[in-house]
Amino acid sequence: MVADPLVGQVDDKLQELNQRIKEFFDKVNEVLSWVPEAFVHLIEPIQRGMEVVKQKIQEFWAKIQQAWNQPGNSAVLRLKAEMWASGVANPIGDVAGDVALHNLNANVEWTGRAAEAYKAIVPAQADGLTGLKDLALQIRNSLNSLANALDAFKLALYVAIAVFIVGVVGAVAAACTIVGAGAAIGAIATGVSVAIGLITAAITAHGDLGDDRSGHDDGWSLGVLLFLFRCHVGVCAGLREKRAS
């Protein structure tokens, strides 16, 4: 299986984010632990704010799971796109060239009604093969376009996670005092809201690109096209043998 580098980069960012979030909660809990019992009521707003942040972070992870459950593999899509060109389109194009009238030369002249009938169907065979070649190239282009869309989707997720990390890092730095903890909660709540918005926009813009269809949907089409290609090759070979005889 060909590895997709963008998948690894996003996974690394997710691990970094998870660690940063843990640091934030540890820092705020440490600061709150310094408050004497007599002043616990003063930190209740901070505790309520922390609950809101927890809910927002849970919402963020839910969005990540929705977007990242099946990230797809653009590298595999590009590999299969190249296979459609080199393994299907190019060989079909070669055969289409071989069966063109100006390329059908033989040592023995073939004349008569059968020869004329054969000559009449040769252009249609060449056109049919050229059509199959064009279809294979269209499939290659479609797979490349899908790979590019997957890359754009992953990059959008990467940016959303990076934005959130910046907010968390700032919040950790601010959460060194009781007063700073309140500001830090506001900062991280803003960061997670922005990240959720970016992820939602990415999902909406790119649709359900998490389904990696690179190994499924194109398989049936490839099999059919190869079958038709082999049929054309077989027919052309038979006609050539008949002509030579």
May I ask you to test the I161-I64 pair for a side-chain heavy-atom distance under 4.5 Å? yes
Please examine the side chains of W61 and L17, heavy atoms only from C-beta on, and report whether any two atoms are closer than 4.5 Å. yes
Check the hydrophobic clustering (I, L, V, M, F, W, Y; side-chain heavy atoms under 4.5 Å; chains of links allowed) and say if V159 and L14 are grouped together. no
Once salt bridge (charged side-chain N to carboxylate O under 4.0 Å, His left out) is applied, do any residues pair with E82, and if so which ones, sequence neighbours excluded? none
Any side-chain heavy-atom pair from I46 and I185 closer than 4.5 angstrom? yes
Residues that Y158 engages under ring-ring contact (aromatic ring centres under 6.0 Å, His included), provided they are two or more places apart: none
Distance col, row I57:CD1 vs I188:CD1, nearest 0.5 angstrom, shows 4.5 Å
Heavy-atom pair with the smallest gap, counting every atom of A184 and A171: CB-O, 3.2 Å
Would you please test K13 and V10 for side-chain contact (heavy atoms from CB on, under 4.5 Å) and show each step? CA-CA 5 Å; K13 276 295 178 185; V10 174; 5.6 Å; no
Given the rule in the side-chain contact (heavy atoms from CB on, under 4.5 Å) test, do I165 and V169 qualify, once you have shown the distances and angles that lead to the verdict? CA-CA 6 Å; I165 288 175; V169 169; 4.1 Å; yes
Restricting to pairs with a member in residues 147-175, which pass salt bridge (Lys or Arg N to Asp or Glu O under 4.0 Å), not counting sequence neighbours? D4-K154, R78-D151
To the nearest 0.5 Å, how far apart are CG in L146 and CG in N141? 12.5 Å
Applying ring-ring contact (aromatic ring centres under 6.0 Å, His included), name anything that partners F164, two or more places apart in sequence or on another chain. F60
In chain order, what residues pass the side chain to side chain contact (heavy atoms under 4.5 Å, CB included) check against T200, with sequence neighbours excluded? K63, I196, T204
Which heavy-atom pair separates I43 from V35 by the least distance, and what is that distance? CG2-CG2, 3.7 Å
Pairing residues for V166 by the side chain to side chain contact (heavy atoms under 4.5 Å, CB included) criterion, not counting sequence neighbours: none
Sorted by chain and number, sequence neighbours left out, side chain to side chain contact (heavy atoms under 4.5 Å, CB included) with E51 holds for K54
Atom pair OG1 (T190) and NZ (K56), whose distance is rounded to the nearest 0.5 Å: 10.0 Å
Testing the basics here: between C176 and A173, what is the closest heavy-atom pair and its distance to 0.1 Å? SG-O, 3.2 Å
Rounding to 0.5 Å, atoms OG (S193) and CG (L198) come to a distance of 11.0 Å
Any chance you could measure D11, atom CG, to Q9, atom CD, to the nearest 0.5 Å? 10.5 Å
Please identify each residue that fulfils side-chain hydrogen bond (donor to acceptor under 3.5 Å, both in side chains) with D134, with sequence neighbours left out. none
Identify, with sequence neighbours excluded, every residue that meets side chain to side chain contact (heavy atoms under 4.5 Å, CB included) alongside Q55. none
If a pair satisfies salt bridge (Lys or Arg N to Asp or Glu O under 4.0 Å) and one of its residues is in residues 170-199, list it, with sequence neighbours excluded. none
If Ile, Leu, Val, Met, Phe, Trp and Tyr residues are connected whenever their side-chain heavy atoms lie under 4.5 Å apart, and connections chain through other members, are L157 and V7 in the same group? yes
Does R140 have any salt bridge (charged side-chain N to carboxylate O under 4.0 Å, His left out) partners at least two apart in sequence or in another chain, and if so, which? none
Sorted by chain and number, sequence neighbours left out, salt bridge (charged side-chain N to carboxylate O under 4.0 Å, His left out) with D26 holds for K22
L79 side, atom CG; S74 side, atom OG - distance, nearest 0.5 Å: 11.5 Å
Give the cluster check for I21 versus V163: same hydrophobic cluster or not, with ILVMFWY residues linked at side-chain heavy-atom distances below 4.5 Å. no
With a 4.5 Å cut-off on side-chain heavy atoms, are M50 and Q47 touching? no
Are V194 and L155 linked, directly or through intermediate hydrophobic residues, by side-chain heavy-atom contacts shorter than 4.5 Å (ILVMFWY only)? no
